[in-house]
Amino acid sequence: MQALMLAAGMGKRLGKYTENATKCMVPVNGKTLIEYAIESLIEAKIKKLTLVVGYKKEVLKDFLKDRYNEIEINYIDNDVFDTTNNIFSLYMARDILAQDDTILLESDLIFDKDIITEIIENKNPNLAVVSPFETWMDGTCALIDEQNVIKGILGKTEFNWHETHQYFKTVNIYKFSKEFATTVYMPFLEAYQTAYGKNEYYETVLKVISFLGNSTFKAHSVDGSRWYEIDDPADLAIAETRFSFGKKHLYNMSKSFGGYWRFPSMLDYCYLVNPYFPPKSLVEELKANFEVLLESYPSGDRQQSLLAGKIFGINPDYIAVGNGAAELISGYADFIEGKVVVPYPTFNEYPERLGSDRTIWLKTDENFSYTIDDILNCIKETNAKSVLLINPENPSGHFFTEREVLGLLDELKQQNINLIFDESFIDFAEKKIRYTLIKDKILEKYPNLIVIKSISKSYGVPGIRLGILASSNKDLVYKITRRTSIWNINSYAENFLQIFDKYKKYYSEGCDKIADERARFMALLKDISWLEVYPSQANYVLCKLKDKITSESLAILLLDKYNIFIKDLSSKKGFEDGQFIRLAVRNTEDNNKLIEALRKM
């Protein structure tokens, strides 16, 4: 068995990364793609590699010179690399294919090193490595029958998004037997190149062979987490996350702040979303309107306020709609005068927007609890002009009842002090104590009250970015809407606001389900001897690690070994000792997987 790699291309889309080197010399986490590939071949006991080179070929040859003694490396020069495509590079290596069974691979891949060994050990002589289609994938796909025979190759013109459930993405790693390469594949490739030219792709030849229906070319399926194709800097960043380990893996995942559809097998226990809403019927309605919304501008802020006012049953003059609550937090922070009492630990967005010069930290007790009297005493000592109250608190889950908050508002009103009340998670509280301050009577009674709510989190639609700010201070609401762009939310978000009323019942039921699942989940967590579980009325649970393991070490272990991403709180004020984690409440099936992983530790 030998290996053949096509590495003549210029890799223009990688920009600065290929200005002075070949595409296969792009580093991923400190090691180049060509090094990853060669080390995989060596581990699979392959003794000979031929590289078809072109762009910056001497740079590549110098880089590999005397680097590997375990494998013989030879070169074929494609000096017309800038006017041909990989079909011609493969054609130039036709004599190599005639010498032995061959592993054919492309130079822009990073992949699990065991894949090469797997296809060598697979008894089928002719294989294409494929992967069940996922939404992040792009390019040629295959159709496979029950015996893993490739029945069709689909290019861009045949691709149908409604049929992707039966598609397999080609990974561009193949095993060709000597017989297949010489008697079937190369004659077809030569004929195709003669007919259509040298600027084509060699996969098209497989498409022709599969179309004839007499091929026994089979598929070797691998999970999408085991490989990645790198065409541009964005791909490179994703690949560095996928193929990193330890602290770097956790850091890369954390710094992306989302985009986790690219990691579909990962369980996200870090970011906080409603697992029981929206229902399928709402999603189908959004899909039905997709095209018209894509081609239409959203309305301006007045229409958004009317829609949000309808959802929450308040005067539209009292409500501003934002591109997520984060936009409104940032916008309102510009109008805050004086110091703000902020109990900690807290959601970092607030102190970051307020700045250290306006933040007065209110320390909570050893259970991350504090009282209304603690808040009032802090105000008295500091002459603060505002108070921030996240209820339930993030990340502790600490909760104040409606009676307690209204009592606080009475006190603050007398002192002309504002209350910034973030109720992004309040809908997840137990039904008997669940409440909202977004009511005309409450807002009008307390003009010093500013309510912020993340629709993205509560309603399970973080992708469309929605949040609201409510206050009877019309002048403040007007100023905040003027600070945002006229189209600060998109048409999909506006459509969600428009149709939500039909699904209110489902939302209420979903919140009840979270409360029930949280109780079950917390009971299971409490059975784990090395966890201390804190009370919570939110869709997340704060836990303290009792044993010597740190929160960072636990987060790394869960991510590397179980593909579970949790929130390590050691970077938050109040958790610097590295003993605390926050776990989202997901659905029962997912929560059981996390519990199982924790029990195994």
Side-chain angles (χ1 to χ4, degrees), residues 1-86 88-93 95-97 99-100 102-117 171-174 202 226-245 248 252:
M1 185 72 70
Q2 62 179 349
L4 172 64
M5 176 181 285
L6 307 181
M10 300 175 68
K12 290 182 179 179
R13 285 183 286 173
L14 278 160
K16 66 178 182 179
Y17 295 100
T18 53
E19 285 179 354
N20 301 305
T22 66
K23 195 173 184 179
C24 64
M25 292 175 65
V26 170
V28 177
N29 296 325
K31 184 187 292 187
T32 64
L33 293 176
I34 188 66
E35 289 175 289
Y36 282 112
I38 291 176
E39 288 168 14
S40 298
L41 297 173
I42 291 172
E43 186 160 313
K45 306 282 193 293
I46 289 180
K47 301 297 185 182
K48 179 182 176 183
L49 166 65
T50 301
L51 288 161
V52 181
V53 295
Y55 175 73
K56 299 291 182 183
K57 61 184 181 181
E58 297 305 327
V59 177
L60 177 58
K61 291 177 181 178
D62 287 343
F63 177 75
L64 293 178
K65 185 178 181 181
D66 301 326
R67 187 174 288 264
Y68 295 101
N69 298 320
E70 306 94 325
I71 189 169
E72 174 189 342
I73 302 177
N74 301 305
Y75 300 93
I76 297 174
D77 293 346
N78 177 1
D79 293 327
V80 289
F81 61 87
D82 54 341
T83 59
T84 60
N85 220 315
N86 63 20
F88 183 68
S89 289
L90 186 56
Y91 177 72
M92 292 186 72
D95 292 340
I96 300 298
L97 289 172
Q99 294 175 6
D100 199 353
T102 304
I103 301 295
L104 171 65
L105 62 164
E106 295 194 17
S107 64
D108 55 1
L109 294 172
I110 183 168
F111 53 90
D112 185 331
K113 61 181 181 180
D114 293 333
I115 290 177
I116 301 298
T117 300
V171 177
N172 294 330
I173 299 176
Y174 300 90
Y202 67 80
R226 299 181 66 193
W227 65 279
Y228 207 79
E229 182 179 5
I230 301 174
D231 288 324
D232 54 46
D235 287 339
L236 178 57
I238 295 166
E240 291 202 318
T241 299
R242 280 175 170 264
F243 288 87
S244 57
F245 299 92
K248 189 174 181 73
N252 286 344

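- The side-chain contact (heavy atoms from CB on, under 4.5 Å) search around D112 returns D114, I115, R226, not counting sequence neighbours.
- To the nearest 0.5 angstrom, I110 atom CD1 is 5.0 Å from F243 atom CZ.
- Minimum interatomic distance between Y228 and A239 (heavy atoms only, all atoms of both residues): CD2-CB, 4.2 Å.
- Interatomic distance, I173 CD1 to F111 CZ, rounded to the nearest 0.5 Å: 4.5 Å.
- The closest side-chain heavy-atom distance from L104 to L6 is below 4.5 Å.
- Expressed to the nearest 0.5 Å, how far CD1 of I34 lies from CZ of F63 amounts to 8.5 Å.
- Within the 4.5 Å cutoff, side-chain heavy atoms of L4 are placed close to those of L90.
- Taking CG of L41 as the reference point, atom OG1 of T117 lies at 9.0 Å (rounded to 0.5 Å).
- Put simply, the side chain of Y17 does not reach to within 4.5 Å of the side chain of I230, judged on heavy atoms.
- By the 4.5 Å heavy-atom criterion applied to side chains, K47 and I71 are not counted as neighbours.
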Show me the side-chain donor-acceptor pairs of residues 20-28 shorter than 3.5 Å, one per line, residues at least two apart or across chains.
residue : atom : partner : partner atom : Å
K23     : NZ   : D108    : OD2          : 3.3
K23     : NZ   : D231    : OD1          : 3.2

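- The list of side-chain hydrogen bond (donor to acceptor under 3.5 Å, both in side chains) pairs with a residue in residues 50-59, not counting sequence neighbours, reads K57-D77, K57-D79.
- Of all heavy-atom pairs spanning L105 and A37, the tightest one is CD1-CB, 4.3 Å.
- Between N252 and E240, the shortest heavy-atom distance links the atoms ND2-O, 3.2 Å.
- Counting heavy atoms from C-beta on, the side chains of R13 and D235 never come closer than 4.5 Å.
- Heavy atoms only, all atoms of each residue included: G11 and T18 are closest at O-OG1, 2.8 Å.
- With sequence neighbours excluded, the residues satisfying side-chain contact (heavy atoms from CB on, under 4.5 Å) with M92 are I76, N78, F88.
- Going from atom CD of E106 over to atom CG of L33 covers 12.0 Å, rounded to the nearest 0.5 Å.
- Here side-chain hydrogen bond (donor to acceptor under 3.5 Å, both in side chains) pairs that include residues 24-41, with residues two or more places apart or in two chains, are K31-E39, T32-E35, E35-R67.
- Residues that satisfy the salt bridge (Lys or Arg N to Asp or Glu O under 4.0 Å) test with E43, not counting sequence neighbours, are K113.
- Closest non-hydrogen pair, T241 versus S244, comes out as O-OG, 3.0 Å.
- In this structure the side chain of N74 never reaches within 4.5 angstrom of the side chain of I96, judged on heavy atoms.
- The CG atom of D100 sits 7.0 Å away from the CE atom of M1 when rounded to the nearest 0.5 Å.
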